[in-house]
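Read the numbers this way: they start at 1 and go in the same order the structure lists the ligands and their atoms.
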Amino acid sequence: STSTAAPHRLQFPAGFRWGTATASYQIEGSETADGRSPSIWDTFSRVPGAVVGGDTGAVACDHYRRMPQDVALMADLGVGWYRFSVAWPRVRPDAGAPSAAGLGFYDRLVDELLGHGISPWLTLYHWDLPQVLEDAGGWTVRDTADRFVDYAVTVHEALGDRVPVWTTLNEPWCSAFLGYTAGVHAPGRQEGAAGLRAAHHLMLAHGAAATELRARGAESVGITLNLTVADPADPASDADVDAARRVDSQHNRLFLDPVLRGSYPSDLLADTEHLGWTEVVRDGDLEVISAPIDVLGVNYYHGDAVSGRPDPADTRPSPFVEARLSMPTRGLPRTAMDWEVQPEGLTRLLMRLHDDYPGVPLVVTENGAAYDDTVGADGSVDDPERLAYLDQHLRAVHAAIEGGADVRGYFAWSFLDNFEWAEGYAKRFGLVHVDYDTQVRTPKSSARWYAGVCRTGHLPDPEPLA
Ligand code: GBH
């Protein structure tokens with residue numbers, strides 16, 4: 001909006017789901033407890049230079065041992081939903097037989113949540129592939145998708161009676177292209193079109209598991225995608241327009257089209273088919289991938305300006321296959337990740353999904369920002385920038401709802417400061433500050449504010465907050 005008027009109070013629809021999110025490897029620690037086997041992130045984080053500061057998830061937020069206190073803190077804040085992920089290497093160590101001890105942790109977590117009136121939203125895969133499966137080829141081979149279905153069934157058998165919402169995969173774009181093309185995430189492979197093979201097997205894993213979970217009576221099943229808004233840096237440049245199209249095809253439509261339309265985008269096939277990756281696509285796969293879903297999870301942090309003129313100074317491996325491009329900044333404010341703050345992009349993204357892929361309910365399953373928070377002398381953590389980021393993005397969600405988009409909920413990333421993948425512990429996304437020396441948790445001012453929004457369903461909260 002171009003209005004300069006003070007932002008006004010906005011009411012969200014009744015029944016809108018408010019939550020916070022985390023992921024297993026980012027918070028749990030206890031990497032060998034109760035028979036957990038290594039995951040690709042245990043391995044990758046120990047490769048010198050892979051993670052800032054040499055950080056690993058060995059301890060993280062020690063959530064595996066502090067889970068009851070963490071749930072109690074969540075309940076104190078009064079947020080109604082919690083989106084967490086299950087660690088495959090705990091539940092089926094070495095991708096072998098189910099582990100009662102590993103399942104026990106999630107069983108207790110779900111009971112603890114329900115006991116505090118918090119609804120569990122379970123993600124099966126947030127990037128911690130059992131290392132043995134990577135040793136056998138990882139997501140570049142089809143067998144991994146079959147193993148994922150076995151794992152999904154194991155988790156559903158244990159928790160299906162109590163968990164209402166099931167997400168198969170978190171952000172398969174990251175697993176495929178950051179993991180197998182750019183090599184900046186586990187397993188750290190820089191193999192060009194391997195990312196496309198991986199994407200197909202991830203999609204297959206999603207579709208086959210979604211079908212299985214629904215057949216077993218799961219109330220709601222979906223997938224979470226990290227989608228972007230790709231704008232040409234210069235709309236008058238054909239090269240920039242084409243580069244933005246390529247980014248849109250690989251980041252967004254490569255996943256949206258097979259799941260919601262049963263086909264791969266024709267322009268993406270024209271750009272990349274010569275690389276041979278479609279050899280892994282078998283008859284019937286797209287039918288499996290396009291199994292009905294009940295909800296599409298949308299993770300949004302920022303959009304991208306895309307230029308077809310690559311920056312020669314930038315020698316980092318690109319996650320985009322067959323696309324020489326750069327992503328110049330636009331002078332927007334930036335977070336500690338250097339990501340631009342672009343709330344209107346979220347409105348456009350949700351409206352685009354509403355227009356191009358109608359009929360599937362949307363939930364923002366992640367949105368949030370890293371800032372350099374510091375603990376004040378009085379022990380409090382004041383984070384006005386994060387509060388403003390959340391406020392602006394919630395306004396953007398509200399605008400999409402007013403525009404007709406069927407948005408049913410919002411999850412702030414993240415409940416706790418945690419292991420920010422290749423950035424280690426240096427980047428803090430939490431509503432709750434974590435002191436990694438003492439494991440003391442301190443709700444930031446944004447947490448108190450967000451709790452008020454969740455309780456009342458409107459922005460900004462007119463009540464004085466505790
Ligand atoms: C999410 O991923 C994750 O689900 C979550 O675990 C993580 O902690 C959180 O966000 C914060 O990072 O053009 O190569 O520079 C974030 C997805 C995808 C956002 C890549 C930034 C820039 C990639 N990210 N994107 S690049």
CZ/Arg324: more than 12 non-hydrogen atoms of other groups inside 6.0 Å: no
Pair Ser237, Asp240: side-chain N/O donor-acceptor within cut-off below 3.5 Å: yes
Test item: side-chain donor near acceptor, His206 and Tyr125, under 3.5 Å: no
Over 12 non-hydrogen atoms of neighbours within 6.0 angstrom of CG in Asp238: no
Working for salt bridge (Lys or Arg N to Asp or Glu O under 4.0 Å), residues Asp42 and Arg36: CA-CA 11 Å; Asp42 298 71; Arg36 179 185 178 280; 3.0 Å; yes
For ligand 1, what N or O to protein N or O distances fall under 3.5 Å?
unit_1	atom_1	unit_2	atom_2	d
ligand 1	2 (O)	Glu171	OE1	2.8
ligand 1	2 (O)	Glu171	OE2	3.3
ligand 1	4 (O)	His126	NE2	3.2
ligand 1	4 (O)	Asn170	ND2	3.0
ligand 1	4 (O)	Glu171	OE1	3.4
ligand 1	4 (O)	Glu171	OE2	3.3
ligand 1	4 (O)	Glu366	OE1	3.0
ligand 1	4 (O)	Glu366	OE2	2.9
ligand 1	6 (O)	Gln26	OE1	2.8
ligand 1	6 (O)	His126	NE2	2.8
ligand 1	6 (O)	Trp421	NE1	2.8
ligand 1	8 (O)	Gln26	NE2	2.9
ligand 1	8 (O)	Trp413	NE1	3.1
ligand 1	8 (O)	Glu420	OE1	2.6
ligand 1	10 (O)	Tyr301	OH	3.1
ligand 1	10 (O)	Glu366	OE1	3.3
ligand 1	12 (O)	Glu420	OE2	2.6

Residues Arg92 and Ser99: side-chain donor-acceptor under 3.5 angstrom: no
